[in-house]
Amino acid sequence: MLVYPSSIDLSSRTLRFLTGQLAARQVEIGTRWRRLTAGRQALPALAHLRCGDTYAQLAAGFGIGIATVYRYIREAIDALAVLAPSLAEAMRTIREKAFVIIDGSLLPIDRIAADNPYYSGKHKRHGMNVQVLTDPFGRLLWASPALPGSTRDLTAARRHGIIDMLTVAGVKCWADKAYQGAGGTIRVPFRGRRLKRWKRRHNTSHAKIRCVGQQAMATLKGRRLLRKLRCSTNRITDIVKAVLVLHHASA
């Protein structure tokens, strides 16, 4: 396999942050020696999470075995995932916002046609449903655990308790038509073809506010790994959490 130098469009702050987490974990479990230092171990993990580089590519680039790369990346993801805020913890920040924006996204996965729970009829493909909350400026505040792609956005929001917690906190939330009937403080556009003029104006202003939330989706899908996940569906939640923590660490 040919090896060539490459780069990752991440700040050195992100590398130092992950290095610190890995070093602390190694002290915690009593690691005495490793093929790569904590700083060098952080590099393949970042390359995998950001660029979607495969284990074989990283193994060749760093001169280590594929199994070793797998263990290093899994350890890095686990170390980051535990730092991700829960919805209750994120509500401390959300309560200070004038309003938030909720949106759902389907993260494509590599599955066969027989895996019906993961098939999204809306997107016509297999994937995992992830809900995100952003502030009025489109900054990512929280990402939910991943659910099978057949789960509707409204069902996912209710299952995660998003609607109830926002309603109790009295925080208004802008959402698209997929959340019709959510109630509480969720604000959705009017549906229908022949709407009155004031309703059309309302939908236009609503869309201008909600489109800012698409920046958060761009943040997630800017990670090439999340554009086509080929891992176990049980690992996707931790991967999303790890991406969220790295995003906050680099902000």
Side-chain angles (χ1 to χ4, degrees), residues 87 90-91 93-95 97-109 111 115-223 226-229 233 236-237 240 243-244 247:
L87 180 58
M91 286 301 300
T93 302
I94 292 173
R95 288 190 182 95
K97 306 298 180 181
F99 63 89
V100 293
I101 304 169
I102 186 173
D103 201 1
S105 179
L106 186 80
L107 302 181
I109 60 175
R111 283 294 180 273
D115 295 325
N116 291 328
Y118 301 101
Y119 184 78
S120 170
K122 175 182 176 181
H123 297 88
K124 307 301 181 184
R125 65 191 309 176
H126 293 81
M128 300 293 286
N129 182 296
V130 173
Q131 304 288 304
V132 299
L133 290 174
T134 67
D135 68 6
F137 301 99
R139 291 188 290 255
L140 186 59
L141 298 175
W142 178 79
S144 74
L147 294 176
S150 61
T151 308
R152 297 178 180 271
D153 286 338
L154 178 56
T155 302
R158 286 172 171 166
R159 189 173 299 179
H160 296 309
I162 301 173
I163 299 173
D164 291 339
M165 296 195 72
L166 291 175
T167 302
V168 171
V171 179
K172 293 182 179 179
C173 179
W174 264 249
D176 61 21
K177 295 179 181 179
Y179 298 87
Q180 288 280 352
T185 57
I186 307 298
R187 300 291 182 263
V188 296
F190 292 104
R191 299 186 66 177
R193 295 183 178 179
R194 298 180 179 180
L195 297 176
K196 295 182 179 180
R197 184 175 300 176
W198 71 270
K199 290 186 177 180
R200 293 198 300 268
R201 289 198 300 266
H202 174 274
N203 283 359
T204 299
S205 61
H206 186 282
K208 290 180 180 178
I209 295 174
R210 190 180 55 79
C211 70
V212 180
Q214 296 298 323
Q215 297 179 17
M217 286 303 175
T219 298
L220 285 178
K221 294 190 174 180
R223 311 274 175 164
L226 298 183
R227 298 177 190 175
K228 185 69 171 181
L229 289 157
T233 54
I236 295 178
T237 293
V240 172
V243 170
L244 176 65
H247 171 70

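Quick caveat, the model's predicted, so the values are computed rather than measured.
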Qualifying residue for side chain to side chain contact (heavy atoms under 4.5 Å, CB included) with R200, from H202, K196, R197: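 The side chain to side chain contact (heavy atoms under 4.5 Å, CB included) with R200 is passed solely by R197 among H202, K196, R197.
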
With R159, the side chain to side chain contact (heavy atoms under 4.5 Å, CB included) member among L147, N129, L154: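 So, applying the side chain to side chain contact (heavy atoms under 4.5 Å, CB included) to R159 and each of L147, N129, L154, only L147 qualifies.
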
Side chain to side chain contact (heavy atoms under 4.5 Å, CB included) between T204 and R201, worked out: CA-CA 5 Å; T204 299; R201 289 198 300 266; 5.6 Å; no

Ring geometry between F99 and W174 (parallel below 30°, tilted from 30 to 60°, perpendicular above 60°):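 W174 vs F99 ring planes: tilted.
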
With a 3.5 Å distance limit and no angle check, can you tell me whether [X] reaches the backbone of [Y] through a side-chain donor-acceptor pair?
X    : Y    : value
T155 : T151 : no
T237 : A146 : yes
H206 : R187 : yes
T185 : V171 : yes

Minimum heavy-atom separation for [X] to [Y], with atom names?
X    : Y    : answer
G138 : V212 : N-CG1, 3.3 Å
I109 : Y118 : CD1-CB, 3.8 Å
G149 : S120 : O-CB, 3.5 Å

Side chain to side chain contact (heavy atoms under 4.5 Å, CB included) evaluation trace for L133 with L87: CA-CA 10 Å; L133 290 174; L87 180 58; 4.0 Å; yes

Nearest-0.5 Å distance, CG of residue D176 to CD1 of residue I102: 9.0 Å

